[in-house]
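One structure below.
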Amino acid sequence: QAMQFDPNISHDERDYYENEAREYYAENFPHISYRGFVGFNYANSTSLEPRLEAPYYFPIHYMEPIIGNEAAIDLDYHASGSRKRTVLSCMNNGEPALTDRLRLVQETDAVAYGVVLMTPGVNLTSQVDVWPKDLASIVIRIPDLLKRAAENQEEDAEVYLYDNDDSGGAPLFLGAARVINRGLGAGADLRPIEEITLDTLRGSAPDLRTEEVVKAANKNWTVVVHAVDGTFEADHLLPILGGCIMFVAACGLAYWVVTNTLRIQKLNQMKAAADAERAALIVDNANQAAKAERELNDFIAHEVRNPVAAAMAATTFVRAAVNEEEPLRSQEDIQSTRDDIDIVANALKFVNDLLRNMLDLHKASNKQMKVTLSPADLMHDVMEPVHAMLQRRDTKISFVLDCPDDLYVNTDRLRLKQVMMNLGRNSVKFVEEGFVRLRADVIDGNVELSVEDSGPGVPEEKRDKLFNKFQESLDMLSQGTGIGLHLCKNLVDLMGGEIFLDSDYHSGIKGYPGARIVVRLNQQPLHPDHHEFSTHSYRSHSKAEDGDLHDDQQNTVSSKTAPLTARSDDGNLEPLELPYKISVLFVDDDPILRKLFIRTARTVAPNWDFRQASNGETALQLVEENSFDLVFMDMYMASVEKQLLGTETVVQLRQKGYQNRICGLSANDKESEFLEAGADVFSFKPFPCEKKTLTNELCRILYYNHPGAEVRTIEPQYARDVSVSGSSASAEEASPDEASSEFKSLDQ
């Protein structure tokens, strides 16, 4: 039926051999659905199942032929029953062994049985405890064995085969057939005979029957030949039957010893080659990673050194000016100090932009940054905000906006705005006098955006490297970090678009050819009827437009901002206000950040009551002892005895029944982690210092996801004129009930 090789495979090697077989059958026998190691896991199992975990296995890993025997692929002989006993006999005795009568897994005839002959081969080593290890086996189908033995039978007869050493204790019927001679040299036909016990057979016509016991491996088989017409001589059949058994067994073993040896040699060669290739790849990747890390360190050191040195020098001048006996006596001293403060602010802004851009670049390059395409109004959602953010006072640059008022497109408005903002700021660096134009239009059926300027243009030799990572700055003062345009390219690629330099552009100003960078979205414009116009639902600070465009950009927005609004009783939209007095817990392990946050928040909410905690454990204790309307929770905090992450603290707060507002905080994008833990909203550190932006951010934190809360572009209104006194109001100014009712008014 089949010749097989059954290697001894440990549990640790199982995955390797299963994967090897899965690849082999997928490539050479795609019709076979490979299941891994299978077996009869229990003594009473009647069907094959995935093999349970065991210390080792003896699966049918190699087999010929495969076609017709698919069900036996990687059948573990060591699973249970007769097969397992035969495996143990071979391994313990080092001798061939036969199984009891089996119903073969690939058998289709209703009354046909088979046996498996297993052998550990011949010990060719002198080493101790290395043999036996693997098994070779041959599946013998009893009807085929009888047919092979009776091919040259000249007389009609009935042949019966019994296993005297069956584990059941009594001779067990293996098979029987009536042999009908077809004539001289023509062979014989076999007709199967139903099962009959040996005792019953012995009780019928003893004079027409011959019986003999033959040795078959570790078993004794009884062969009974029953004459049909009384003229049968059984002496020739018995030697032929025994010889065929031994011949088939010897041929099978010889075949498998040769083929298995050759295949193992080939597999070992392939494995050695794969290991060598894998080791070479590991070394190469390690070298590439080390090189990239060196380049990154050199780049950061180079880009950060100059602005930090400038900030340190300016700080020294400021310290000297304010420490004089009569500091800032003249208007010249005041202006000089202001200039030094601007130097410090610009240097810190440069470093902050560098780090933020590198973080975005890392996300985009590793496909970790996701884009969400949705209908967007290019004029109001993208171009107007970027145009407003680029505006600067005391400048000779004219900022021009050229965009149709009804141009809609399917895009990620946040990332597109980030791209246009980076391109616009890049142009501003190169234009001393002239214009920067933001343009959007439909070209050849697709939406295109561009940023044009009247600067010195891009040198010919640098155009093909314009969007490379860590590209050397193009301006004479080396103001750029070399990653802004590369980040733009990554973001545009993520949105499925293209970005390129228009080599044919000229600004029209003599001596200033300028540059034009085009963003082709590869998107057709949407018809206004299909655009679901809205006032843009408010998103969290980590995803909102002003969040990713950085604090310095927020502070340059024109007077039109977007405070949170709600529907009043008459249906009109009115701006939401900060509650007059609430209790706030700020949790952060950095005492300086805690102090600065409270100082900043009191500029717009002087009557709020602030408490502090340096870690999650302290926060849990304070919440149990006090009532807080709002909790700010940092992500990473350290404690001497125990360390709790901010998300872990949020989970415990919710488990303890805290139902009020929780805002997650981090300098990294941890919004999904905090929201999954149970926080209501997330905000990036540090908080903005500009009053309008800070007020909007605190309103968003307090009211985000509340029913009826919206954002629309209106002139900001404030219910109270807050003074920056640095001190909080006393607790008697508002009762807890008044504060709570004001804080919860939106829900009511």
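As a basis for the values below, the full set of heavy atoms in this structure was taken, side chains included, without hydrogen atoms, waters or symmetry mates. All values derive from a computational prediction rather than experimental measurement.
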Requested in this report: State, to 0.1 Å, how close Thr600 and Cys689 come at their nearest heavy-atom pair, and which atoms those are.
Outcome: CG2-CA, 4.2 Å
Query raised in the report: For Pro525, which of Leu407, Leu378, Val409, Asp406 qualifies under side-chain contact (heavy atoms from CB on, under 4.5 Å)?
Result: Leu407
Query raised in the report: Between Val519 and Leu423, is a side-chain contact (heavy atoms from CB on, under 4.5 Å) present by the stated rule, with each step listed?
Result: CA-CA 10 Å; Val519 177; Leu423 296 178; 3.9 Å; yes
Report summary line: Between the CG atom in Asn660 and the CG atom in Leu630, the distance rounded to the nearest 0.5 Å is 9.0 Å
Query raised in the report: Is the closest side-chain donor-acceptor distance between Asn422 and Gln418 under 3.5 Å?
Result: no
Query - Shortest non-hydrogen separation from Leu645 to Tyr636 and the atoms involved - result: CD2-CD2, 3.7 Å
Report summary line: Only one of Ile341, Asp340, Val344, Thr337 passes side-chain contact (heavy atoms from CB on, under 4.5 Å) with Phe317, and that residue is Asp340
Requested in this report: Taking the side chain as every heavy atom from C-beta outward, state whether Lys691 and Leu694 have any pair of such atoms under 4.5 Å apart.
Outcome: no
**Report entry** side-chain contact (heavy atoms from CB on, under 4.5 Å) evaluation trace for Gln655 with Val651
**Finding:** CA-CA 6 Å; Gln655 291 176 348; Val651 170; 3.5 Å; yes
**Report entry** Any side-chain heavy-atom pair of His486 and Asn490 under 4.5 Å
**Finding:** yes
Report task. To the nearest 0.5 Å, tell me how far Leu491 CG sits from Lys417 NZ. Result -> 14.0 Å
Query raised in the report: Just wondering, are more than 12 heavy atoms of other shown residues or ligands nearer than 6.0 Å to CD in Glu332?
Result: no
Requested in this report: Using atom types as modelled and distance alone, determine if a side-chain donor or acceptor of Arg661 lies under 3.5 Å from a backbone N or O of Leu702.
Outcome: yes
Requested in this report: Using modelled atom types only, decide if a donor and an acceptor are shared between the side chain of Asp412 and the backbone of Thr372 within a distance under 3.5 Å.
Outcome: yes
Query raised in the report: Asp629 side chain to Ser583 main-chain N or O, any donor-acceptor pair under 3.5 Å?
Result: yes
Query - Spacing of Leu665 atom CG and Met635 atom CE [to the nearest 0.5 Å] - result: 11.5 Å
Report summary line: When rounded to the nearest 0.5 Å, the distance separating CG of Leu373 from CZ of Arg415 is 12.5 Å
Query raised in the report: Are any non-hydrogen side-chain atoms of Ile499 and Cys488 less than 4.5 angstrom apart?
Result: yes
Report task. Answer yes if the side chains of Gln523 and Thr411 hold a donor-acceptor pair under 3.5 Å, and no otherwise. Result -> no
Requested in this report: Report the residue from Leu585, Ile662, Val584, Asp609 that forms a side-chain contact (heavy atoms from CB on, under 4.5 Å) with Phe628.
Outcome: Leu585
Requested in this report: May I ask you to decide if Thr693's main-chain N or O and Glu690's side chain share a donor-acceptor pair within less than 3.5 Å?
Outcome: yes
Query raised in the report: Does Asp405 reach the side chain of His380, with side-chain heavy atoms less than 4.5 Å apart?
Result: yes
Report task. Looking only at non-hydrogen atoms, find the nearest pair between Thr618 and Ala613 and report the distance. Result -> CG2-CB, 4.0 Å
Query raised in the report: Does Trp608 use its side chain to pair, donor to acceptor, with the backbone of Ile598 at less than 3.5 Å?
Result: no
**Report entry** Lys/Arg-Asp/Glu bridge criterion (N-O < 4.0 Å) met for Asp680, Arg654
**Finding:** yes
**Report entry** Asp342 bridged to Arg338 by N-O distance under 4.0 Å
**Finding:** no
Report summary line: Between Ser683 and Ile701, the two heavy atoms sitting closest are CB-CD1, 4.1 Å
Requested in this report: Could you tell me whether a side-chain N or O of Arg594 sits under 3.5 Å from a main-chain N or O of Asp588, the two making a donor and an acceptor?
Outcome: yes
Requested in this report: Mind listing the closest non-hydrogen atom pair of Val382 and Pro385 along with its distance?
Outcome: O-CD, 3.3 Å
Query raised in the report: Does Tyr658 reach the main-chain N or O of Glu624 with its side chain, forming a donor-acceptor pair under 3.5 Å?
Result: no
Requested in this report: Taking the side chain as every heavy atom from C-beta outward, state whether Met633 and Phe674 have any pair of such atoms under 4.5 Å apart.
Outcome: yes
Requested in this report: Apply side-chain contact (heavy atoms from CB on, under 4.5 Å) to the pair Thr647 and Glu676, showing each step before the final yes or no.
Outcome: CA-CA 8 Å; Thr647 50; Glu676 184 178 351; over 6 Å; no
Requested in this report: Taking the side chain as every heavy atom from C-beta outward, state whether Arg611 and Leu622 have any atom pair closer than 4.5 Å.
Outcome: yes
Report task. Please check if the distance between the ring centroids of Phe610 and Phe586 is under 6.0 Å. Result -> no
Query raised in the report: Looking at CE of Met312 and OG1 of Thr315, how far apart are the two atoms once the value is rounded to the nearest 0.5 Å?
Result: 8.0 Å
**Report entry** Stepwise side-chain contact (heavy atoms from CB on, under 4.5 Å) check, Leu438 with Val451
**Finding:** CA-CA 5 Å; Leu438 306 178; Val451 177; 3.8 Å; yes
Query - Close side-chain approach of Asn615 to Leu644, heavy-atom, < 4.5 Å - result: no
Query raised in the report: Taking the side chain as C-beta and beyond, is there a heavy-atom pair between Val587 and Asp634 under 4.5 Å?
Result: no
Query raised in the report: Can you tell me how far CZ of Arg439 sits from CE of Met420, rounded to the nearest 0.5 angstrom?
Result: 11.0 Å
Query raised in the report: Where is the tightest heavy-atom contact between Ala440 and Pro404, given as atom of each residue plus distance?
Result: O-CD, 3.1 Å
**Report entry** Greater than 12 external heavy atoms within 6.0 Å of Glu648's CD
**Finding:** yes
